[in-house]
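The structure is given below, and queries will be raised subsequently.
Heavy-atom basis, side chains included; hydrogens, waters and symmetry copies ignored. All figures in this text were calculated on a predicted structure; none of them were measured in a lab.
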Amino acid sequence: MAEATDLTADTADTAEPPQHTKTLEKQVTGATIWLTGLPSAGKTTIAYELAKTLRAEGHRVEVLDGDEIREYLSAGLGFSREDRHTNVQRIGFLAELLARNGVLALVPVIAPYADSREAVRKRHQVGGTAYLEVHVATPVEVCSERDVKGLYAKQAAGELSGLTGVDDPYEVPDSPDLRIESHHQTVQESAAALRALLTERGLAA
């Protein structure tokens with residue numbers, strides 16, 4: 001007599017995933033959140049504070065730190081307008097790739113030129129990927145007092161040129177999705193304002 005065929009394994013492999021799994025998959029929404037502003041405006045600090053909150057809530061999050069990108073992806077680029085544009089486009093490509101695969105990509109990068117930021121926005125629009133522009137609107141006077149990396153001091157001493165917002169242009173966003181005045185509120189309050197925007201736009205429940 002022929003042995004009975006065991007279909008258990010095949011059935012397990014081809015069975016439909018549980019309904020709750022499908023529901024969770026539908027809830028995964030990616031987006032790029034670009035925090036633009038002057039050096040020492042607080043962009044990176046706010047991004048990491050928000051990332052901490054989002055991860056605790058179970059979201060997939062990556063922070064694309066501008067210094068790390070410069071070191072590992074854009075090491076050959078300088079700080080001319082053309083090189084700055086290229087750097088921003090590289091970061092925009094990476095952010096969009098992450099975002100369309102369900103990651104909330106937080107990008108605390110200066111991106112001083114409006115046309116560079118607009119090109120990144122259009123890349124996301126073409127791909128149907130959510131994109132938010134956040135202007136961390138800390139005045140240059142406050143940034144120079146914070147001077148986290150010592151850049152303002154070096155520029156004042158003549159050791160550095162091409163500092164964004166001082167002797168190199170920064171084109172202020174006309175209509176960002178959110179404008180944060182970090183000099184008037186705590187890091188936690190700034191991150192909370194951005195978290196509220198994500199909820200409002202349906203990007204993080």
| message | Contact between Val148 and Thr45 at the side-chain level, heavy atoms closer than 4.5 Å - yes or no? | response | no
Using distance only, find each side-chain donor-acceptor pair of residues 103-111 under 3.5 Å and give its atom names and separation, not counting sequence neighbours.
none

| request: Considering non-hydrogen atoms only, spot the tightest contact between Val61 and Arg55 and give its length. | output: O-NH2, 3.1 Å
| Does the ring of Tyr131 carry Arg117 above it, NZ/CZ under 6.0 angstrom from centre and within 45° of its axis? | no
| query | Does any N or O in the side chain of Arg81 come within less than 3.5 Å of the main-chain N or O of Tyr113, such that one atom is a donor and the other an acceptor? | reply | no
| message | For a quick check under 3.5 Å, do Thr138 and Ser182 share a side-chain donor-acceptor pair by atom type? | response | yes
| hydrophobic_cluster_shared for Val136 and Val166, side chain cutoff 4.5 Å | no
| task | Please confirm whether the backbone N or O of Glu133 pairs with a side-chain atom of Asp177, one donor and one acceptor, at under 3.5 Å? | result | yes
| message | Check for me, please, whether Val134 and Ile91 land in the same ILVMFWY cluster - side-chain distances under 4.5 Å, paths through other members count. | response | no
| said: Closer than 3.5 angstrom, by distance alone: can the side chain of Arg146 be matched with the main-chain N or O of Ala41 as a donor-acceptor pair? | reply: yes
| Would you find a donor on one side and an acceptor on the other, under 3.5 Å apart, between the side chain of Thr29 and the backbone of Leu203? | no
| Can you find a heavy atom in the side chain of Arg179 that is under 4.5 Å from one in the side chain of Val172? | yes
| query | Of all heavy-atom pairs between Gly165 and Leu38, which one has the smallest distance, and what is that distance? | reply | CA-CD2, 3.7 Å
| message | Please find the pair of heavy atoms, one from His59 and one from Ala205, that lie closest to each other, and give the distance. | response | NE2-O, 3.9 Å
| message | For the backbone of Leu163 and the side chain of Asp167, can you confirm whether one donor and one acceptor N or O come within less than 3.5 Å of each other? | response | yes
| remark: Between the CG atom in Leu178 and the CD1 atom in Ile33, the distance rounded to the nearest 0.5 Å is 11.5 Å
| query | Quick one: does Asp147's side chain have a donor or acceptor within less than 3.5 Å of a partner on Leu151's backbone? | reply | yes
| Atom CD in Gln125, atom CD in Glu96: separation rounded to 0.5 Å? | 11.5 Å
| said: Evaluate Thr36 against Tyr170 for side chain to side chain contact (heavy atoms under 4.5 Å, CB included), listing each step before the verdict. | reply: CA-CA 10 Å; Thr36 177; Tyr170 177 74; 2.8 Å; yes
| Okay, side chain of Tyr152, backbone of Pro39: is any donor-acceptor separation there less than 3.5 Å? | yes
| Minimum-distance pair of heavy atoms, taken over all atoms of Asp83 and Gly78 | OD2-N, 2.7 Å
| task | Kindly give the heavy-atom pair with the smallest separation between His124 and Ala95, and that separation in Å. | result | NE2-C, 4.3 Å
| said: Any donor-acceptor pair under 3.5 Å linking the side-chain atoms of Thr86 with those of Arg90? | reply: no
| query | Hey, is the main chain of Gln89 close enough, under 3.5 Å, to the side chain of Arg123 for a donor-acceptor pair? | reply | no
| query | Say you draw a straight line from NZ of Lys149 to CG of Leu160; how long is it, rounded to the nearest 0.5 Å? | reply | 12.0 Å
| query | Are Val63 and Leu132 in one and the same hydrophobic cluster, where Ile, Leu, Val, Met, Phe, Trp and Tyr link if side-chain heavy atoms are under 4.5 Å apart? | reply | yes
| query | For Lys43 and Leu35, which heavy atoms make the closest approach, and how far apart are they? | reply | CD-O, 3.3 Å
| message | Just verifying a value: how many Å separate Arg60 CZ and Leu54 CG, rounded to the nearest 0.5 Å? | response | 13.5 Å
| query | Atom OH of Tyr48 and atom OG1 of Thr53: how far apart are they, to the nearest 0.5 Å? | reply | 14.5 Å
| request: Indicate if Trp34 and Leu198 have the same hydrophobic cluster label, given that clusters are the connected sets of ILVMFWY residues with side-chain heavy-atom separations under 4.5 angstrom. | output: no
| Are His183 and Glu145 close enough, and set up right, to give a side chain to side chain contact (heavy atoms under 4.5 Å, CB included), and what steps lead you there? | CA-CA 11 Å; His183 52 300; Glu145 289 177 4; over 6 Å; no
| query | Out of curiosity, Leu77 CG to Arg84 CZ, how far, rounded to the nearest 0.5 Å? | reply | 11.0 Å
